[in-house]
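No experiment lies behind these values; they were computed from the predicted model shown.
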Amino acid sequence: MPKLLPNPRVITLADVYRLLGRQTADDAIRNGWLKPCCLKDVPRGPQRRLYALADIHRVEDRLLSGEYPGQTKP
């Protein structure tokens, strides 16, 4: 099946969870590896956080090099 649209550069927290897994994403956010690129106000509830896909790739690069958020590198 051909790809019709390019990869998005901005993704939601739900997408971050799908890409990194919930625990890893939460650890990356908690330890400052991943921060929202913008916040969207919504009528009810908390602000919606949006993330840059490039930041996700940087987290993946660190994971691939053997680091994990909040732990010292072996």
Side-chain angles (χ1 to χ4, degrees):
M1 179 183 203
K3 198 174 202 180
L4 301 176
L5 297 173
N7 286 331
R9 292 173 45 205
V10 177
I11 60 176
T12 66
L13 183 58
D15 294 327
V16 172
Y17 285 156
R18 278 192 283 281
L19 292 170
L20 295 177
R22 187 176 189 108
Q23 186 63 56
T24 302
D26 286 342
D27 289 343
I29 292 166
R30 187 178 309 107
N31 286 281
W33 285 24
L34 186 59
K35 296 178 183 172
C37 62
C38 68
L39 300 172
K40 177 186 181 222
D41 289 327
V42 293
R44 292 176 296 249
Q47 291 178 318
R48 176 166 292 175
R49 297 175 284 172
L50 300 173
Y51 296 85
L53 186 60
D55 292 341
I56 304 302
H57 292 305
R58 281 190 277 281
V59 169
E60 289 175 326
D61 289 342
R62 290 179 76 174
L63 292 167
L64 289 169
S65 74
E67 292 182 75
Y68 190 85
Q71 297 179 6
T72 56
K73 189 174 178 181

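Remark: Arg58 engages Asp55 in a salt bridge (charged side-chain N to carboxylate O under 4.0 Å, His left out) (not counting sequence neighbours).
Each of Leu50 and Ile29 belongs to its own hydrophobic cluster when Ile, Leu, Val, Met, Phe, Trp and Tyr are linked at side-chain heavy-atom distances under 4.5 angstrom.
Atom CD of Glu67 sits about 11.0 Å away from atom CG of Asn31, to the nearest 0.5 Å. Atom CG of Leu19 is separated from atom OH of Tyr51 by 13.0 Å, given to the nearest 0.5 angstrom.
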Extract all donor-acceptor atom pairs below 3.5 Å that involve side chains of residues 35-42 and protein atoms in other chains or at least two apart in sequence.
{"from": "Asp41", "atom 1": "OD1", "to": "Gln47", "atom 2": "NE2", "distance (Å)": "2.7"}

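Pairs of residues two or more places apart, or lying in two chains, that qualify as side-chain hydrogen bond (donor to acceptor under 3.5 Å, both in side chains) and include a residue from residues 14-28 are Thr12-Asp15, Asp15-Arg18, Tyr17-Asp26, Gln23-Asp27, Asp27-Arg30, Asp27-Tyr68.
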